[in-house]
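Report on one structure; see the data block that follows.
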Amino acid sequence: MEKQNVPELFGSLVFNDKVMRARLSDDVYVSLRKTIDENAKLDESVADAVAEEMKKWALENGATHFTHWFQPLTGVTAEKHDSFISPSPDGGVLMEFSGKELIKGEPDASSFPSGGLRATFEARGYTAWDPTSYAFIKDHTLCIPTAFCSYSGEALDKKTPLLRSMQAIDKQAKRILKLFGKDDVKSVRTSVGPEQEYFLVDEEVFNKRPDLVYTGRTLFGAMPPKGQELDDHYFGVIKPRVIEYMEDLNNELWKLGILAKTEHNEVAPAQHELAPIYSTTNVATDANQLTMEIMKKVARRHGMVCLLHEKPFAGVNGSGKHNNWSIGTDTGLNLLSPGKTPYDNAQFLLFLCAVIQAVDDYQDLLRLSVATAGNDHRLGANEAPPAIISVFLGDELTAILKAIKNDTPYEGTEKVKMKLGVDVIPKFSRDTTDRNRTSPFAFTGNKFEFRSLGSSNSIACCNIMLNAAVAESLRQYADELEKADDFETALHDLIKRKINEHERILFDGNGYGDEWVKEAVEVRGLSNLKTTADAMPKLLDKKNMDMLMSHEVFTEAELKSRCEIMLENYCKTVNIEGLAMVDMVRKNYLPAIERYLFRLAQTTSLMKQVSDNVKCNYEVSTMERLSELTDYILDAVTTLENTLATFKGIDDIFKASEFVRDEMIPNMDTLRKYVDEAEMLTSQRDWPFPSYGQLLFSVQ
Ligand code: ADP
Ligand code: MG
């Protein structure tokens, strides 16, 4: 590949601050900046001026179309391209783009999921420009990041509630910072750096697996002789073909101003990871959606397919996403960073408590924010954090909290009292905080890392919940502290009380162990929501609805519709998998086993004709077991077909998702078990689809 000038390449397809400053008049620039930084209302003349410059810039960079780019509840992004052309009097065309077109779009969106919202309120939805996320060019199209709403203002996307949750935490955090005398802070924003895992398989091999093509994961497949046992892949030498892919991918991402930074092999064969440098949450969300899209697109160019499913192969580690999250101010403070002065330390501990309390009070919301049919295969499967949410703080911070709680000196490298606002927290090194990889929610020095996300999840969902829940803790703290006569004493008491109240969520041990499940549920009373069908209905628990509505993150109608849509997604996904299984079994697996049985039978009878002494032990024993298995397979596939038929008749979405969990998935598992056993007994020549070994080692 050609050498690239990265600084020149970086952001070359983004209408970013540098471009705006260079191209917009001073007045327009200042006014737009005010909208971006302080959510100020944008007036129409400014929009027209921005649109005109955006269009000129886009045309210079090869664009012919524009689109409002948004994130409907399908989980992928949506776009509808319009060209800039408009007829001119002389029979030619002009390239036009107005402020109106920039600000608002009306996609015919009737087929996006709305959970009844559009049906109830208005037939159509509209998209509204989000100026805080820069416009960019992709496929000769100017993409304008937007929010997607119904005409009555209900959000139909993931972006709108995310922006609302950011406003909620901004508002409450500023109340707290005021109490600490930080009046100069104009805005508080959360930042995220999402680490993204993925698999690469050869395109030709991929195309031969209908399950991968239809569902993104393998529905059948016996384990290969070599899996990930040797751990030789993790951080191993990257194969040349993959290196070329990564270079190409980086270039594409850099052009779009995405800060792709780290890349390495992951634990499973064919598994890799990409991590960007962190950015403001809504920008990071857009960037992660784009990253996933471009990962897939670039892979095809290299004759490969990028799998973003969280569990493409049973028995092999699945793919997750780590949501590294922090809160910071426009003045450059990271509020999750231990401070240098006693006062700053108390502030740090208060924000730390706010997060701990948020995770404890809203475990179920965090859990359901990452719940999908695909991710259900990972959580709790001894390869990813358990479905139980807990917080890891590391030895030193745990000891500090304990000292505060018990009014005892903290015994770190030196003995110190922990009177807040008086004593300095001893410096603890960042390295010691990141040892536990089994924790779903770990403090890593100056940020929290939420590790339960599946690789294909939009990061919007978990950040909406996290921001809102932390805003709620901060609201409670601000309510209490604003009334206090003696701030320092009140602060000390509050922190101490919070440690006591929420200690149960702190856990530094092995999250993969069975003992933890027992302790978490039976002793500590933490929730263990194993599947999407268990988790999602919790969205409608009164405590959760009250909190999300009080911070104006969701309306009641939005919550109800979202719960329905997420459960619908779950049911639809599994239903498609079930149908694909039936298809593969009836059309391919059973006939293939039959073919092999025929060959074995033919061989046996020919051999017996040659000599009476041949026993044909291999042929006969294989035939016996395979024939038995075909009977089991037939039974199992018939049962699954009946299950799929019954499922069709269930209208209530809660009942349907329980049926999927209790009937459909277990029946699918049974069917798979027999087919996988048959695979081990059947000649590879007769087996209709590439094996796990061929898939996992297809990219050499
Ligand atoms: P690792 O987890 O491999 O040790 P890091 O912790 O440095 O690496 O970074 C992992 C991810 O966390 C990266 O995407 C990085 O940009 C992001 N990150 C680092 N600091 C912060 C922060 N203060 N807030 C949010 N994300 C951060
Ligand atoms: Mg990390």
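Read the numbers this way: they start at 1 and go in the same order the structure lists the ligands and their atoms. From a predicted model like this one, the values you see are computed outputs, not experimental measurements.
The distance from ligand 1 to the heavy atoms of G193 drops below 4.0 Å at these ligand atoms: 14 (O), 26 (N). Atom numbering of ligand 1 starts at 1 in the shown order; those under 4.0 Å from a heavy atom of K447 are 5 (P), 6 (O), 12 (O), 18 (N), 19 (C), 20 (N), 21 (C), 22 (C), 26 (N), 27 (C). Of all atoms in ligand 1, numbered sequentially from 1 with element shown, those under 4.0 Å from a heavy atom of S191 are 25 (C). Contact atoms of ligand 1 toward I277: 16 (O) (distance under 4.0 Å to a heavy atom of the residue). Taking every non-hydrogen atom of P276 and a distance limit under 4.0 Å, the qualifying atoms of ligand 1 come out as 13 (C), 14 (O), 15 (C), 16 (O).
Summarising the contacts of atom 11 (C) of ligand 1 with N324, N446, T444, the nearest heavy atom is found in N324.
Ligand 1 lies within reach of N334, whose nearest heavy atom is under 4.0 Å from it.
Checked against a 3.5 angstrom limit, the closest N/O atoms of S326 and ligand 1 fall inside it. Backbone and side-chain nitrogen or oxygen atoms of A275 are examined, and none is located within less than 3.5 angstrom of a nitrogen or oxygen of ligand 1.
Under 4.0 Å is where a charged nitrogen must lie from a carboxylate oxygen, and between E310 and R217 no such pair does.
Residue contacts with ligand 1 for H322 are absent, since no atom lies close enough (heavy atoms, distance under 4.0 Å).
Judged purely by distance below 3.5 Å, without hydrogens or angles, the side chains of D130 and T146 never pair a donor atom with an acceptor atom. Between the side chains of Q71 and D286, at least one donor N or O sits under 3.5 Å from an acceptor N or O. Between T160 and D157, the side chains place a donor N or O and an acceptor N or O closer than 3.5 Å (distance only, hydrogens not considered).
Although no hydrogens or angles enter the test, the distance criterion places no donor-acceptor pair under 3.5 Å between the side chain of E449 and the main chain of A442.
Residues L548 and L539 form a side-chain contact, since some pair of their non-hydrogen atoms from C-beta on lies under 4.5 Å apart.
F199 contributes atom CZ, which lies 9.0 Å from atom NE2 of H272 (distance to the nearest 0.5 angstrom).
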